[in-house]
Amino acid sequence: MSLNVVIMAAGKGTRMRSAVPKVLHRLAGRPLLQHVLDTVAQLAPQRTVVVTGHGAERVEAQVGAAGRCVRQQPQLGTGHAVQQAVPALDDAAGTTLILNGDVPLIAASTARALAAACGGERLALLTVTLEDAAGYGRIVRQAGAVQAIVEHKDASPSQHQIREVYTGMMAAPTGALKRWLAALRNDNAQGEFYLTDIVAMAVADGVPVVATAAANETEVLGVNSPAQLAELERRVQRHQAEALMEAGVRLADPARFDLRGTLTHGQDVEIDVGCVFEGQVHLADDARVGAHCVIRNARIGAGAVIHPFTHIDGDTQGVTVGAGALIGPYARLRPGAVLGDEVHIGNFVEVKNSTLAKGAKANHLAYLGDATVGERVNYGAGSITANYDGANKHRTVIGNDVHVGSNCVLIAPVTLGDGATIGGGSTISKDAPAGQLTVSRARQVSLSGWQRPRKPAK
Ligand code: UD1
Ligand code: MG
């Protein structure tokens with residue numbers, strides 16, 4: 001049977017007080033709408049239709065190839081929104097599932113159960129029972145059977161007592177849905193075309209109406225304000241933290257852990273407080289991450305230790321840290337940093353687009369950009385690669401067992417042969433031969449009899 005999914009995403013989100021369309025605000029690193037799109041993809045529907053309106057261009061760019069977009073201009077209510085989607089629906093007999101772009105955590109299993117409850121012949125409503133139902137459409141029943149949804153603003157005092165509410169998500173037989181949508185009127189408290197009015201129409205048509213209860217409250221929570229967004233973020237983070245701890249990851253404090261992407265891991269991984277993981281991060285067996293590290297798109301090897309306040313950003317190229325490496329505190333690894341086993345990168349050392357072979361060390365205040373660094377190299381404090389001539393980037397090649405003293409400038413392109421030693425304070429603009437000491441700085445002189453200037457006597 002054919003499955004259509006309609007995602008309503010035209011609303012303004014006034015209470016966000018933001019120039020960014022509401023459904024593009026990020027939750028756990030992904031736009032709200034992307035959460036819904038990713039969940040919908042798991043259902044493999046014949047058609048996914050996104051109703052856009054406010055900020056349509058930006059929202060449509062986010063949808064991309066994941067669905068077709070239809071514009072709702074102006075926004076005259078949820079029924080009007082779904083009306084816009086009608087021409088884009090797959091006409092074959094089947095089910096149309098209606099979701100909200102600002103209800104990001106709806107589980108695929110719940111959406112699937114809702115579509116199954118419809119089965120192309122019943123109207124299935126996703127409902128939840130709330131302590132405080134204010135603002136929601138109430139499920140009105142008679143002798144147990146659902147009769148209608150009455151919006152809060154249209155409800156009678158006795159209907160206000162009902163705590164079973166409509167979550168905003170439903171599944172309807174596609175053919176009947178089209179018929180009902182065409183018959184909607186806007187003679188209500190808000191002057192809107194309410195999607196929820198189709199419930200009474202289904203009852204009148206003798207189409208069974210079934211209420212499917214949500215698995216939990218979190219999956220039906222919508223985002224309307226920065227406070228609600230932050231609240232949902234904490235719930236997602238708590239949930240992710242619990243799943244990781246269940247898999248054996250030792251989090252110092254699940255309340256001070258943020259994952260905005262995917263974290264895969266081996267055994268006996270430890271993460272201290274205040275860390276942020278973004279994109280795709282892998283922590284191999286026994287890896288340890290100190291407090292307040294930010295790690296994005298990176299693979300951290302077995303037994304590696306990332307000391308506190310380290311920033312690792314692989315961006316699109318990725319960063320690799322070898323087994324047993326020691327990184328930080330206060331280190332910065334940028335895209336294309338590929339560090340071998342047992343590499344040491346110390347405080348205030350920046351590495352970009354560089355490969356460091358096993359056992360290489362840069363322990364203090366240094367920069368390695370566009371460099372290939374051999375095994376066991378010791379790269380002194382304050383030394384840098386001058387990799388950029390103002391127009392082009394050039395490579396620095398440092399052989400095995402090279403010792404670069406402190407405060408050297410390696411002007412690329414330049415090669416330091418195996419076992420070379422570079423005297424501290426050198427500016428190296430020509431290749432340095434293997435096994436020799438290369439020094440490039442003014443010779444030290446001492447002037448006997450020299451006297452410091454003195455202040456004139458008063
Ligand atoms: C809706 C339901 C209400 C339910 C509640 C759950 C209706 C009439 N009411 O009310 O029963 O309890 O959700 O949160 O459906 N949208 C459009 N175009 C529009 C209007 C809305 O795309 O013209 C989108 C919004 O962006 C939002 C969703 O539809 O994603 C729901 O709209 P909203 O205005 O929040 O409906 P509620 O009044 O909350
Ligand atoms: Mg709402």
Side-chain angles (χ1 to χ4, degrees), residues 1-8 39-40 43-49 77-83 85-86 89-100 103 106-130 133 136-152 154-156 158-159 161-185 188 193-217 219-220:
M1 206 187 322
S2 165
L3 176 65
N4 292 297
V5 177
V6 176
I7 304 172
M8 293 187 286
T39 302
V40 166
L43 307 181
Q46 270 64 43
R47 298 272 170 85
T48 300
V49 184
T78 52
H80 181 249
V82 182
Q83 279 171 355
V86 163
L89 297 180
D90 179 21
D91 267 333
T95 298
T96 296
L97 175 66
I98 299 168
L99 303 176
N100 279 284
V103 182
I106 182 69
S109 54
T110 300
R112 219 177 262 124
L114 191 61
C118 165
E121 48 196 34
R122 293 166 294 272
L123 178 59
L125 308 173
L126 189 66
T127 62
V128 68
T129 299
L130 297 177
Y136 287 88
R138 307 302 207 283
I139 305 293
V140 177
R141 290 175 183 267
Q142 213 167 59
V146 177
Q147 298 301 307
I149 296 174
V150 177
E151 292 304 305
H152 182 89
D154 300 280
S156 68
S158 70
Q159 288 168 334
Q161 305 303 309
I162 301 172
R163 288 169 45 227
E164 184 188 11
V165 305
Y166 171 57
T167 61
M169 292 169 273
M170 64 165 73
T174 304
L177 176 66
K178 289 185 180 179
R179 220 171 47 240
W180 298 329
L181 287 171
L184 286 178
R185 297 156 51 93
N188 52 51
F193 295 93
Y194 291 162
L195 176 63
T196 45
D197 283 351
I198 72 169
V199 176
M201 295 180 187
V203 171
D205 280 0
V207 172
V209 180
V210 293
T212 301
N216 57 61
E217 191 193 294
E219 70 169 344
V220 299

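In what follows, residues are counted from 1 in the order of the sequence shown.
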About how many Å separate [atom2] of [Y] and [atom1] of [X], when rounded to the nearest 0.5 Å?
{"X": "Leu130", "Y": "Arg138", "atom1": "CG", "atom2": "CZ", "result": "9.0 Å"}
{"X": "Thr78", "Y": "Glu151", "atom1": "OG1", "atom2": "CD", "result": "7.0 Å"}
{"X": "Met170", "Y": "Thr212", "atom1": "CE", "atom2": "OG1", "result": "11.5 Å"}
{"X": "Leu3", "Y": "Leu43", "atom1": "CG", "atom2": "CG", "result": "6.5 Å"}
{"X": "Glu219", "Y": "Ser109", "atom1": "CD", "atom2": "OG", "result": "6.5 Å"}
{"X": "Gln159", "Y": "Asp154", "atom1": "CD", "atom2": "CG", "result": "9.0 Å"}

In the structure I gave you, are the side-chain heavy atoms of [X] and [Y] within less than 4.5 Å of one another anywhere?
{"X": "Val209", "Y": "Val207", "answer": "no"}
{"X": "Leu114", "Y": "Ile106", "answer": "no"}
{"X": "Tyr194", "Y": "Asn188", "answer": "yes"}
{"X": "Ile98", "Y": "Leu195", "answer": "yes"}
{"X": "Leu123", "Y": "Val199", "answer": "yes"}
{"X": "Val49", "Y": "Leu89", "answer": "yes"}
{"X": "Val128", "Y": "Val165", "answer": "yes"}
{"X": "Val103", "Y": "Thr167", "answer": "no"}

Arg179 and Asp205 ion-paired at < 4.0 Å: yes
Ignoring hydrogens, what is the shortest heavy-atom contact between [X] and [Y]? Give both atom names and the distance.
{"X": "Asn100", "Y": "Gly168", "value": "ND2-O, 2.9 Å"}
{"X": "Cys118", "Y": "Ala172", "value": "SG-C, 3.4 Å"}
{"X": "Tyr136", "Y": "Tyr166", "value": "CD2-O, 3.8 Å"}
{"X": "Thr127", "Y": "Ala211", "value": "CG2-CB, 3.9 Å"}
{"X": "Arg122", "Y": "Pro173", "value": "O-CD, 3.3 Å"}
{"X": "Gly120", "Y": "Met1", "value": "CA-SD, 3.7 Å"}

Residues that Asp90 engages under side-chain contact (heavy atoms from CB on, under 4.5 Å), provided they are two or more places apart: Ser2, Asn4, Gln46, Arg47, Ala92
Check whether any side-chain N or O of Thr174 sits under 3.5 Å from a backbone N or O of Gly94 as a donor-acceptor pair, and report yes or no. yes
Sequence neighbours excluded and cut-off under 3.5 Å, please list the side-chain donor-acceptor pairs for residues 141-150, or say none.
| unit_1 | atom_1 | unit_2 | atom_2 | d |
| --- | --- | --- | --- | --- |
| Arg141 | NE | Glu164 | OE1 | 2.8 |
| Arg141 | NH1 | Gly144 | O | 2.6 |
| Arg141 | NH2 | Glu164 | OE2 | 2.8 |
| Gln147 | NE2 | Ala145 | O | 3.2 |

Show your reasoning for whether side-chain contact (heavy atoms from CB on, under 4.5 Å) applies to Leu97 and Val6. CA-CA 6 Å; Leu97 175 66; Val6 176; over 6 Å; no
